[in-house]
Amino acid sequence: MVETSIFVLCIVVFLALAFDFINGFHDTANAIATSVSTRALPPRTAILMAAIMNFLGAITFTGVAKTIGGSVADPATLENGIPIVIATLIAAIIWNLATWWFGIPSSSSHALIGALAGAVFVGAGSSSVNWSGFIKIVEGLLLSPLIAFVIGFIVMHILKWIFAKRSPHSVNKGFRTMQILTAALQSFSHGTNDAQKAMGIITFALVAANVQDHLEVPLWVKISAATAMALGTSVGGWKIIKTMGTKIFKIEPINGFAADATSATVIFTATLTHLPVSTTHAVTSAILGVGAAKRFREVKWGLAGRIVIAWVVTIPIAATLSGIIYKVMFDLF
């Protein structure tokens, strides 16, 4: 029984780190799409920098991990917590890979939260879902892109007003250098929030398996998740980079700076308040807000609409998928 439990926990840890790795290359675009598209950084340099900053951000904070580990459900009260976690991770991984394949910048956060709620609902019943905690997380996930859009719109208007009398060439030359800083900040903030989700789900599993009785993240979990995220980032998600960096609107260095500074601020603020947010949502919305401020008609709103649809359907699809996977696992084992 002990050997089996250890083996199953190893499966959980492997799946969680696999999710984190996929999250890394799925969301690399969040940090470097604008800096690559404006040629502020060569692609390989941008990815290496993003990987390093992701790692540093991931080992710095744990507040979001505690939210993930205890806000959707109490792992200590679940008799079947480990199968629930396994179903959650498999569903989130499947959705992440599917959206990556089609170049859709969907939310890994939505996928994980939706999958966890769905697996708990099917595996332990509606009463086991902490609906107030779940709704609070969803509210943060929904509000953050709206805030990023508005701030991006305002920041871009301010920059346009400040540099209205300067030549576009000199302005973009200066902001191309500034983009290196904002891309680094973006990568760091990405690590402070996104890597915490894998840490939280591993800690959830450890509590459910009675390995520990608290939601403090062990050091080995921090280092493992941070490393998996960094390695995933180093691979790069070129399809999504292309979508976010070139297909929404033609991004110039001043636009990239405004978008990166905006989204990094939104993400880091969420981290400080222990709220998991979608870095994909924050970055895409900031780009849309900046694009709308630059020239509304230049933004490809049709593509933006398809991205929003992917956002809307992610939670219910991930929840349904994890529920089905749990039922199949329960019936088999």
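- Between F268 and F188, the ring planes are tilted. Angles from 30° to 60° get that label.
- When atom types are taken as modelled, the side chain of T99 and the backbone of N96 share a donor-acceptor pair closer than 3.5 angstrom.
- With sequence neighbours excluded, the residues that form a side-chain contact (heavy atoms from CB on, under 4.5 Å) with V122 are Y326, K327.
- Within 6.0 Å of atom CD in E79, 12 or fewer heavy atoms from other residues, nucleotides or ligands are found, so the atom counts as exposed in its surroundings.
- With S109 contributing its side chain and V277 its backbone, the two residues share a donor-acceptor pair below 3.5 Å.
- With hydrogens and angles ignored, the 3.5 Å screen pairs no side-chain donor or acceptor of W95 with any backbone N or O of I315.
- Around NZ of K160, the count of heavy atoms belonging to other residues, nucleotides or ligands within 6.0 Å exceeds 12.
- T284 places no side-chain N or O within donor-acceptor distance of the main-chain N or O of H281, the cut-off being under 3.5 Å.
- Here the side chain of S322 pairs a donor or acceptor atom with the backbone of A319 at under 3.5 angstrom.
- Scored by the side-chain hydrogen bond (donor to acceptor under 3.5 Å, both in side chains) test, T271 finds T192, N193 as partners (sequence neighbours excluded).
- Contacts of E216 classified as salt bridge (Lys or Arg N to Asp or Glu O under 4.0 Å), with partners at least two apart in sequence or in another chain: K66.
- With rounding to the nearest 0.5 angstrom, the CG atom of L206 is 9.5 Å from the NE2 atom of H214.
- In this pair, F149 and F153 present their aromatic rings parallel. The plane angle is below 30°, not in the 30 to 60° band.
- Distance check, rounded to the nearest 0.5 Å: CE of M49 to CD1 of I180 gives 8.0 Å.
- Considering L78, T88, L215, V72 in turn, L78 is the only one that fulfils the side chain to side chain contact (heavy atoms under 4.5 Å, CB included) rule with F204.
- Between the side chains of K222 and T62, no donor-acceptor pair is found at a separation under 3.5 Å.
- With rounding to the nearest 0.5 angstrom, the CD1 atom of I68 is 12.5 Å from the NE2 atom of H274.
- Q196 places a side-chain N or O within donor-acceptor distance of the main-chain N or O of F61, the cut-off being under 3.5 Å.
- Of all the heavy atoms in S71 and N130, the pair that sits closest is O-ND2, 3.0 Å.
- Here the CG atom belonging to N172 is positioned 9.0 Å from the CD atom belonging to Q179, to the nearest 0.5 angstrom.
- Distance check, rounded to the nearest 0.5 Å: OG1 of T67 to CG of L275 gives 6.5 Å.
- Note: L17 CG to M199 CE = 10.0 Å, rounded to the nearest 0.5 Å.
- With respect to I86, the side chain to side chain contact (heavy atoms under 4.5 Å, CB included) criterion is satisfied by exactly one of I84, I90, L89: I90.
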